[in-house]
Amino acid sequence: MDKHLVEFETIEWVNACEGMRYKKFERDGKVLRLMELTDQYKELEWCTHGHIGVILEGEFHVEFENHREHFKEGDIVFISGGVEHKHKAMVPSGKKMKMLSFEL
């Protein structure tokens with residue numbers, strides 16, 4: 001019998017790089033992450049993965065090829081996958097952000 005409760009408190013944090021850590025839950029090829037980013041996080045390459053996220057705490061910007069969007073606590077982010085939607089996340093100086101992210 002499958003359990004249907006995702007217990008993030010029992011999952012270890014993964015320090016992916018400076019300014020980013022996450023907890024990952026995966027089932028049936030679907031990935032759910034609890035992510036924390038600080039202003040130390042620097043995304044060097046464009047991301048082309050799709051994401052749906054709920055901002056739980058804080059704020060951040062997403063830089064697209066031709067514009068930038070700002071997201072804050074309570075906002076829901078939907079970014080389609082593909083080169084035409086390539087993006088980079090950044091957190092304003094002195095800030096941090098916590099997000100629940102569903103990978104598309």
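The shown structure was predicted, so the numbers you read here are calculated from the model rather than taken from an experiment.
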K.L.:
Hey, what do you get for CG (Leu5) to CZ (Phe25), rounding to the nearest 0.5 Å?
P.N.:
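The CZ atom of Phe25 is 9.0 Å from CG of Leu5, to the nearest 0.5 Å.
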
K.L.:
Please report the interatomic distance OH(Tyr22) to CE(Met99), rounded to the nearest 0.5 Å.
P.N.:
13.5 Å

K.L.:
Report the C-alpha distance between Glu63 and Lys88 in whole Å, list the side-chain angles of each, state the deciding distance to 0.1 Å, and finish with yes or no for salt bridge (Lys or Arg N to Asp or Glu O under 4.0 Å).
P.N.:
CA-CA 5 Å; Glu63 188 79 30; Lys88 294 181 182 183; over 6 Å; no

K.L.:
Are Arg33 and Glu103 within salt-bridge range, i.e. N to O under 4.0 Å?
P.N.:
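Looking at Glu103 together with Arg33, the answer is yes, because their closest N to O distance falls below 4.0 Å.
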
K.L.:
Any salt bridge linking Lys24 with Glu26? Criterion: basic side-chain nitrogen under 4.0 Å from a carboxylate oxygen.
P.N.:
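Looking at Glu26 together with Lys24, the answer is yes, because their closest N to O distance falls below 4.0 Å.
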
K.L.:
Testing the basics here: between Pro92 and His61, what is the closest heavy-atom pair and its distance to 0.1 Å?
P.N.:
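In terms of heavy atoms, the two residues are closest at CG-NE2, 3.6 Å.
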
K.L.:
Find the distance between CD (Glu73) and CD (Glu57) and round it off to the nearest 0.5 Å.
P.N.:
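Answer for the CD-CD pair, Glu73 versus Glu57, is 6.5 Å.
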
K.L.:
So Glu69 and Phe64, side chain to side chain contact (heavy atoms under 4.5 Å, CB included) or not? Walk me through it.
P.N.:
CA-CA 8 Å; Glu69 295 183 30; Phe64 294 92; 3.7 Å; yes

K.L.:
Walk me through whether Val54 and Ile76 qualify under side chain to side chain contact (heavy atoms under 4.5 Å, CB included).
P.N.:
CA-CA 5 Å; Val54 179; Ile76 298 173; 4.2 Å; yes

K.L.:
How long is the span from the CZ atom in Phe60 to the NZ atom in Lys72, to the nearest 0.5 Å?
P.N.:
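Reported value, rounded in 0.5 Å steps: 12.0 Å.
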
K.L.:
Please indicate whether Glu45 has more than 12 foreign heavy atoms, meaning atoms of other residues, nucleotides or ligands, lying under 6.0 Å from its CD.
P.N.:
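It does not: Glu45 CD has 12 such atoms or fewer within range.
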
K.L.:
Strictly distance-based, threshold 3.5 Å: is any side-chain N or O of Gln40 a donor or acceptor partner for the main-chain N or O of Glu18?
P.N.:
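Not a single qualifying donor-acceptor pair exists.
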
K.L.:
Rounded to the nearest 0.5 Å, what separates atom CZ in Arg21 from atom CD in Glu12?
P.N.:
10.5 Å

K.L.:
Heavy-atom count check: over 12 atoms from other residues, nucleotides or ligands less than 6.0 Å from His49 NE2?
P.N.:
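Counting neighbours around NE2 of His49, 12 or fewer heavy atoms of other residues, nucleotides or ligands fall under 6.0 Å, so no.
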
K.L.:
Quick check on the hydrophobic clustering: are Val31 and Phe102 connected, directly or via other members, by side-chain heavy-atom contacts under 4.5 Å?
P.N.:
no

K.L.:
Is Leu37 close to Met97 at the side-chain level, that is, under 4.5 Å between some pair of heavy atoms?
P.N.:
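The answer is yes; the side chains approach within 4.5 Å.
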
K.L.:
Are the charged groups of Glu36 and Lys96 less than 4.0 angstrom apart, N to O?
P.N.:
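Salt bridge flag = no for Lys96 with Glu36.
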
K.L.:
CD of Glu7: more than 12 outside heavy atoms within 6.0 angstrom?
P.N.:
yes

K.L.:
Any link between Val62 and Phe78 through a network of hydrophobic side chains (Ile, Leu, Val, Met, Phe, Trp, Tyr) touching at under 4.5 Å?
P.N.:
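In one cluster: no.
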
K.L.:
Checking Lys86 side chain against Thr48 main chain: does a donor-acceptor pair fall under 3.5 Å?
P.N.:
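Absent.
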
K.L.:
Provide the closest heavy-atom pair for Ser80 versus His85 in the form atom of the first, atom of the second, distance.
P.N.:
O-CB, 3.1 Å

K.L.:
Going by side-chain contact (heavy atoms from CB on, under 4.5 Å), Val6 matches just one of Leu32, Leu100, Leu34. Which one?
P.N.:
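Going through the options one by one, the only one that passes is Leu32.
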
K.L.:
Given the rule that I, L, V, M, F, W and Y join up when any side-chain heavy atoms are under 4.5 Å apart, are Phe8 and Ile52 in one cluster?
P.N.:
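Same hydrophobic cluster.
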
K.L.:
When you measure from the side chain of His87 to the backbone N and O of Cys47, does any donor-acceptor pair fall under 3.5 Å?
P.N.:
yes

K.L.:
Is there a donor-acceptor pair closer than 3.5 Å between any side-chain N or O of Asp75 and the backbone N or O of Ile55?
P.N.:
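Checked: no pair found.
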
K.L.:
In terms of hydrophobic clustering (I, L, V, M, F, W, Y; side-chain heavy atoms under 4.5 Å; direct or indirect links), are Tyr41 and Val14 co-clustered?
P.N.:
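Yes; Val14 is reachable from Tyr41 via cluster members.
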
